[in-house]
There are 2 protein chains.
Amino acid sequence: MRNDIVPPSAEQPSLAERIRHDMDSFTPSEKRAAHLLLSHYPFAGLDTVAEFASRAGISAPSALRFVTRLGFSGFPDFQKHLREELEAQLLSPLAKSGPVEPGQGAPALAAFAQAVIGNLTATVENIAPAEFDAVVALLSDQRRNIHFTGGRFTGALARYAESHFRIVRSHVDFIEGQPALWRDRMIEIGRKDVVVAFDIRRYQEDVTALCETAARQGATIVLLTDPWLSPIARVARHVLPAHITAPSNWDSSAGLLLLTEALVSAVTKRLWETAKPRMEAVERLRNGEP
Amino acid sequence: MRNDIVPPSAEQPSLAERIRHDMDSFTPSEKRAAHLLLSHYPFAGLDTVAEFASRAGISAPSALRFVTRLGFSGFPDFQKHLREELEAQLLSPLAKSGPVEPGQGAPALAAFAQAVIGNLTATVENIAPAEFDAVVALLSDQRRNIHFTGGRFTGALARYAESHFRIVRSHVDFIEGQPALWRDRMIEIGRKDVVVAFDIRRYQEDVTALCETAARQGATIVLLTDPWLSPIARVARHVLPAHITAPSNWDSSAGLLLLTEALVSAVTKRLWETAKPRMEAVERLRNGEP
DNA sequence: ATTGTTTTGAAATTTTTGATACAGCTTTTC
DNA sequence: GAAAAGCTGTATCAAAAATTTCAAAACAAT
């Protein structure tokens, strides 16, 4: 038998908090219900049981068991509570933003998120609009070849970028950072090539070498880096810096990801006429259709 | 027959305003219904017809006629509208991130950033502290083997995670999503293994298959997904959902990255005693020192 | 007053929704 | 490895809610 759960009398803590707190005492289906409810709190619970269960990917009886376990006498009772909570919350202007639970992780997570959000804001504010637009234009030029590369950590971001651009347009690839792997490919790189490099501190020599070689051959270099600028900046045509400090032993790449996704989004919109049929074709191929 | 009333399509003015405007065209009992609704807008309308009618001092049919007259097809339709209006209003403060229209370059970047920030906030708020802590504990258990995997886009995140954890602790690797590449490796997977999977919508069957196979062999599955939960959730021990919608043709993985980095940070702190010398050793090796 | 029109609610009907019993499956425990 | 406990979904049923019907009441205009 599991530990009992306090009935939802007239308590202060919102139901959401209680659910978060008791999360690990739930069964798998109950967790799914809980996740759905918390992700659209409290509106997900205001529909019918059938709708709620279906959205959570569970059966109606499981949904019922979930609310019963929460201490309610039935689904209507549960909904009534949600409505009352909502009304109370809406009437008190800023009663929201309750202090997150104690525990070890939550505060750390919240603090981390706050730092990351600060980074994103600072990053956006320090990007020159003209620079961003210029990069979008460059990456939207279908006659050019685009190569993505990065360091040991940022390499994953380069892959992320490549996996998206590859679908939007052609002539896109990823270059591994190790010199042995790209030396001979450099013969192909020329004036119509664009190298998009990701490089943040503990700047990596091999990535720098790659970009310098490419630049010497006439390629256009786009650099996504930190505010202290990777040495690649010397040979780069465009530089987009992102803030990376976080309350961690590691730097955060969220700002770089933001820029990457924003670029993908902007280029997709710009090339929409050709990107749309292309994306549809890719989808068909993935599904094994002719 | 009285003058027609515009149906409640996608309009700007709230229902309340329309009711006030049309007030003098209502019959006496309709007015009573209108007054009740406006006095406790919109909660008075969220109960049952019977309750609503009784509180307004009219009969159920009259209440029905009232909502029909407002242009709704029935009482459930009416309530649905109220809920949606309420949700939109409640979400506006932060997640104003409606379909932010075109806009060029910089404005688009700012809008994108705002949406991403909203996602991060929502993600953190909906993570159960216990769940997060449990995952940290799991990944800090040095006796276990950790395997990261992901789909065509999220695979990059898995690599990102792997590249960090690899330095903090041992027994960490990355598994390619294609079945041909992992089938035979499954022989090694057992009870002391942990599979951390990244999977967001357009959930990928091969990743699901990998996790199901691993789970069947007794491995513990940790899933980072979107709020709609990948089917992998069925076999996952722990699920960390992140909000992913963005004003783009693509979803945003920023929330997943945030969780990843927060996990890396937390585990690094937790294993600091052993992680520190290990990180220093890695650094020496990179520099070619003995 | 009387007739035609509109409004209204009681009761009957239909539809929807919530709840339960039970059997299969999974996980845990011994 | 077998038995027990627990979890979950299908099928079914009961309850409640929404909707329609219809006749009485209120009202307006002759």
Side-chain angles (χ1 to χ4, degrees), chain A residues 1-5 22-36 44-83, chain B residues 1-3 23-36 44-83 190-191 211-221 229 231-239:
Chain A
M1 171 63 85
R2 250 168 320 208
N3 55 325
D4 299 82
I5 290 182
D22 296 340
M23 183 65 83
D24 47 358
S25 78
F26 292 150
T27 72
S29 312
E30 285 169 348
K31 274 187 190 158
R32 291 223 237 168
H35 281 302
L36 172 67
L46 260 31
D47 264 303
T48 64
V49 222
E51 179 72 13
F52 179 73
S54 149
R55 286 218 225 181
I58 61 179
S59 70
S62 291
L64 256 315
R65 283 186 279 261
F66 173 66
V67 303
T68 303
R69 152 168 294 274
L70 253 27
F72 298 98
S73 69
F75 208 74
D77 187 30
F78 165 69
Q79 294 187 317
K80 185 156 171 283
H81 179 92
L82 288 182
R83 284 202 307 266
Chain B
M1 175 64 86
R2 249 167 324 207
N3 57 325
M23 186 62 86
D24 45 0
S25 77
F26 293 149
T27 72
S29 34
E30 283 170 349
K31 276 184 187 157
R32 304 180 88 176
H35 281 130
L36 172 67
L46 259 31
D47 264 302
T48 66
V49 224
E51 180 73 11
F52 179 72
S54 148
R55 286 218 224 181
I58 61 179
S59 71
S62 291
L64 251 318
R65 282 187 281 262
F66 171 65
V67 303
T68 303
R69 149 75 65 101
L70 252 26
F72 298 98
S73 70
F75 209 74
D77 187 31
F78 165 69
Q79 294 188 317
K80 183 156 174 282
H81 178 94
L82 290 182
R83 284 202 309 264
R191 294 194 190 287
C211 291
E212 284 173 346
T213 304
R216 213 173 302 125
Q217 310 222 33
T220 303
I221 314 291
L229 303 193
I232 295 173
R234 298 177 62 90
V235 297
R237 175 77 61 87
H238 302 290
V239 179

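Chain A is the first sequence line, chain B the second, and so forth, proteins listed ahead of strands; every chain is numbered from 1.
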Please give, in whole Å, the distance from D/dA17 P to B/E51 CD?
9 Å
Can you check whether B/F26 reaches B/L70 side chain to side chain, under 4.5 Å on heavy atoms?
yes
Taking the side chain as every heavy atom from C-beta outward, state whether B/S62 and B/R65 have any pair of such atoms under 4.5 Å apart.
yes
Would you say the side-chain atoms of B/Q79 pair up with the backbone N or O of B/D47, donor to acceptor, closer than 3.5 Å?
yes
Is it true that A/D22 and A/R69 have a side-chain N and a carboxylate O under 4.0 angstrom from each other?
no
Please tabulate the protein-to-nucleotide N/O contacts below 3.5 Å involving nucleotides 24-30 of chain C, giving atom names and distances.
none

Using the 3.5 Å cut-off, write out each protein N or O paired with an N or O of nucleotides 12-16 of chain D and the distance between them.
none

Ordered by number, residues from residues 57-67 of chain B within less than 4.0 Å of DNA chain D (heavy atoms) are B/P61, B/L64
Over 12 non-hydrogen atoms of neighbours within 6.0 angstrom of NZ in B/K31:
yes
Reading DNA chain C from 5' onward, which residue's closest nucleotide shows up sooner: A/F75 or B/S29?
B/S29
So does B/R83 have more than 12 non-hydrogen atoms from other groups sitting under 6.0 Å from CZ?
yes
Please work out whether the ring planes of A/F66 and A/F52 are parallel, tilted or perpendicular, with thresholds of 30° and 60°.
parallel
